[in-house]
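Right, one structure below, let's go through it.
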2 protein chains.
Amino acid sequence: MNLPPLIQSFVLHFGEMGSRWGINRTVGQIYALLYVSPEPLCAEDIVEALGLSRSNVSMGLRELQAWNLVVHKHLPDDRRDFFTTPDDVWQILRTLAEERKKREVDPTLSVLREILMQPAGSDEERFAQGRIAEMHGLIDQLTTWYDDVKRLETERLANLLSLGAKITRLLEAKDRVVTLGRRRPKAAREAGDTRADVAQAEGE
Amino acid sequence: MNLPPLIQSFVLHFGEMGSRWGINRTVGQIYALLYVSPEPLCAEDIVEALGLSRSNVSMGLRELQAWNLVVHKHLPDDRRDFFTTPDDVWQILRTLAEERKKREVDPTLSVLREILMQPAGSDEERFAQGRIAEMHGLIDQLTTWYDDVKRLETERLANLLSLGAKITRLLEAKDRVVTLGRRRPKAAREAGDTRADVAQAEGE
DNA sequence: CGGTAATTTCAGAAATTCCTGAAATCCGAG
DNA sequence: CTCGGATTTCAGGAATTTCTGAAATTACCG
């Protein structure tokens with residue numbers, strides 16, 4: 001590996017973390033390298049920087065493409081493929097979440113639903129179904145929330161997070177806030193909420 | 001493996017998912033089994049149900065204990081160790097999040113901070129530091145939000161999630177809502193927010 | 001068409017992770 | 001202290017995952 005020490009630490013740590021989250025270490029390293037590079041890189045650049053075999057880099061890039069994590073660029077008058085990451089880290093996070101949902105969460109939900117449809121032949125099985133239903137409910141709520149939030153642009157998403165704290169305090173102070181907007185007609189919501197709406201909804 | 005088919009599918013799927021998220025397959029299976037069992041199980045029960053070696057089960061349970069994911073029970077007049085999972089799935093999720101934060105997220109933040117402290121010797125390194133700073137910012141915001149939310153009891157956490165959707169609409173309609181409470185003195189915040197506070201803060 | 005450079009494929013080697021059985025340790029009871 | 005059941009440890013074998021080099025494929029160019 002032939003990199004400035006500062007970049008090398010990042011690449012190595014990122015690879016390490018990747019492998020703890022089920023992502024192949026070298027794929028993580030490739031991503032980290034692309035992430036911190038000012039210009040798009042071609043496969044050969046990556047081979048030189050990380051000291052991997054050409055074929056390994058090829059497989060890694062293909063993996064990253066399959067995850068939509070990488071942007072493919074063509075320079076004019078150059079047949080090589082160049083790659084970068086998106087500029088916006090929030091966008092990267094969204095993509096990662098989306099892909100993992102598609103590959104792992106959604107299939108899990110349908111497996112759980114299938115299990116819940118099966119007839120239980122014993123108390124043991126009935127109990128298990130109860131537990132599985134709880135888990136299904138949890139995942140379902142989380143994904144519903146996620147579906148809601150994922151479309152937000154970066155800036156709004158960041159805002160929502162920093163707001164999270166304050167909403168928390170509201171909830172602690174006053175349970176009824178959760179009825180916010182729940183019984184108001186669709187048309188009114190689409191017209192845009194205002195501070196008055198908030199106060200009104202809370203007061204219901 | 002010697003289990004009712006319904007439970008077996010769950011255990012197998014859970015093990016499979018575990019392994020995709022960096023958790024050893026059999027550890028995942030052990031957890032799944034404990035999760036759906038109405039009574040605490042001892043190591044020998046697990047050996048029989050899953051067909052693993054006794055030592056493997058021992059290592060798996062120790063791993064789960066290290067992650068705080070398992071509840072240790074002692075029955076009177078029985079020297080064996082029995083294990084269950086917490087009843088509340090949200091609590092399980094919290095524990096999982098907490099442990100992963102401790103082991104992976106926090107160390108990552110400090111590695112990134114360290115990298116950001118180093119003097120950059122080239123433009124390349126300076127650029128990389130900029131990117132790393134963005135990533136640090138992202139993780140930092142997420143963990144701040146998480147620290148805020150993690151203390152919520154189960155019911156409130158569920159409420160917050162279902163609220164997420166509606167807050168989103170507020171944000172879309174009206175940016176200014178994000179100033180909510182931002183410039184109010186600490187004492188006022190600790191006294192607990194009220195609707196009037198919200199309206200006042202927004203009006204600033 | 002060849003020629004050439006880039007990329008991909010894939011069988012097997014290398015590395016890593018996981019699992020096991022045998023032995024060691026622990027611990028309460030007698 | 002000794003016995004016996006429960007649990008843990010750990011070296012090495014098994015299984016899985018990752019990586020590589022050689023060969024194949026692709027695609028552009030003259």
Side-chain angles (χ1 to χ4, degrees), chain A residues 1-2 11-12 14-34 39-67 70-84 103-104, chain B residues 1 11-12 14-34 40-67 70-84 103-104:
Chain A
M1 194 173 297
N2 177 26
V11 164
L12 290 179
F14 204 93
E16 196 51 47
M17 283 305 115
S19 77
R20 294 219 204 169
W21 288 79
I23 288 157
N24 172 331
R25 182 161 315 168
T26 62
V27 171
Q29 293 179 356
I30 293 172
Y31 198 77
L33 180 65
L34 293 176
E39 301 298 331
L41 303 181
C42 72
E44 203 55 47
D45 297 334
I46 298 170
V47 167
E48 280 165 29
L50 302 181
L52 305 171
S53 74
R54 184 63 185 72
S55 51
N56 197 3
V57 170
S58 174
M59 287 157 99
L61 286 171
R62 135 185 297 264
E63 178 88 357
L64 289 171
Q65 284 175 283
W67 282 79
V70 116
V71 182
H72 198 175
K73 296 230 158 138
H74 281 285
L75 301 191
D77 293 336
D78 195 327
R79 295 212 253 126
R80 292 171 297 173
D81 290 327
F82 287 81
F83 299 91
T84 358
R103 290 158 195 245
E104 282 133 23
Chain B
M1 194 174 295
V11 164
L12 290 179
F14 204 91
E16 196 51 47
M17 281 306 115
S19 77
R20 295 220 203 169
W21 288 79
I23 289 157
N24 172 333
R25 183 160 316 169
T26 62
V27 172
Q29 292 179 356
I30 292 172
Y31 198 77
L33 180 65
L34 294 176
L41 303 180
C42 72
E44 202 55 47
D45 296 335
I46 298 170
V47 167
E48 281 165 30
L50 302 181
L52 306 171
S53 74
R54 184 64 185 71
S55 53
N56 197 2
V57 169
S58 174
M59 285 155 83
L61 287 170
R62 135 184 299 264
E63 178 88 358
L64 289 171
Q65 283 176 282
W67 283 79
V70 116
V71 181
H72 198 176
K73 296 232 158 138
H74 282 286
L75 300 191
D77 292 335
D78 194 328
R79 296 212 255 125
R80 292 172 296 172
D81 289 327
F82 287 81
F83 298 91
T84 356
R103 291 159 194 244
E104 283 133 22

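No hydrogens, no waters, no symmetry mates; every other heavy atom, side chains included, goes into these values. Throughout, protein chains are lettered first and strands after them, A, B, ... in sequence-line order, and every chain is numbered starting at 1.
Counting all heavy atoms, side chain and backbone alike, B:H74 lies closest to B:R80 at ND1-O, 3.9 Å. A:V70 approaches A:Q65 most closely through the heavy-atom pair CG1-CG, 3.8 Å. B:V27 and B:G60 make their closest contact through CG2-CA, 3.9 Å (heavy atoms, listed as atom of the first residue, atom of the second, distance). Nearest heavy-atom pair, A:L61 versus A:A43, reported as atom, atom and distance to 0.1 Å: CD1-CB, 4.2 Å.
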(message) Assess the residue pair B:L34 and B:V71 against the criterion (side-chain contact (heavy atoms from CB on, under 4.5 Å)); give the C-alpha distance rounded to whole Å, side-chain angles, the decisive distance to 0.1 Å, and a yes or no.
(response) CA-CA 10 Å; B:L34 294 176; B:V71 181; over 6 Å; no
(request) Kindly indicate, with the supporting measurements, whether the criterion side-chain contact (heavy atoms from CB on, under 4.5 Å) is fulfilled by B:L33 and B:D45. (result) CA-CA 10 Å; B:L33 180 65; B:D45 296 335; over 6 Å; no
(request) Might you work through the side-chain contact (heavy atoms from CB on, under 4.5 Å) test for A:R25 and A:Q29, ending with a clear yes or no? (result) CA-CA 6 Å; A:R25 182 161 315 168; A:Q29 293 179 356; 3.9 Å; yes
(message) Quick one, B:S58 with B:R62, criterion side-chain contact (heavy atoms from CB on, under 4.5 Å). Give me CA distance, side-chain angles, the key distance, then yes/no.
(response) CA-CA 6 Å; B:S58 174; B:R62 135 184 299 264; 5.6 Å; no
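Take the nearest nucleotide of DNA chain C for B:T26 and for A:Q65: the residue whose nucleotide is more 5' is A:Q65. Along DNA chain D, the nucleotide nearest A:I23 and the nucleotide nearest B:R80 are compared for position; the residue whose nucleotide lies closer to the 5' end is B:R80.
Each of A:L50, A:L41, A:N24 was checked for a side-chain contact (heavy atoms from CB on, under 4.5 Å) with A:I30, and the lone residue meeting it is A:L50.
Below 30°, between 30° and 60°, or above 60°: for B:W21 and A:W21 the angle between ring planes is above 60°, a perpendicular geometry.
Using a 4.5 Å cut-off on side-chain heavy atoms (C-beta onward), A:C42 and A:F82 make contact.
What separates CG of A:D77 from P of C:dA5 is a distance of 16 Å, to the nearest Å. Nucleotide C:dT16 holds its C1' atom 12 Å from the CD atom of A:E16, rounded to whole Å. Between the CG atom of A:D81 and the P atom of C:dA5 there is a distance of 17 Å, rounded to whole Å.
Taking every nucleotide of DNA chain D with any atom under 4.0 Å from a non-hydrogen atom of chain A, the first and last of them, 5' to 3', are D:dT18 to D:dC28.
Residues of residues 52-62 of chain A that place a heavy atom closer than 4.0 Å to DNA chain C, in numerical order, are A:R54, A:S55, A:S58, A:M59, A:R62.
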(request) Could you run through nucleotides 23-30 of chain C and give me one letter per nucleotide, 5' to 3': B if any protein heavy atom sits under 4.0 Å from the base, S if only the sugar-phosphate is that close, - if neither? (result) ----B---
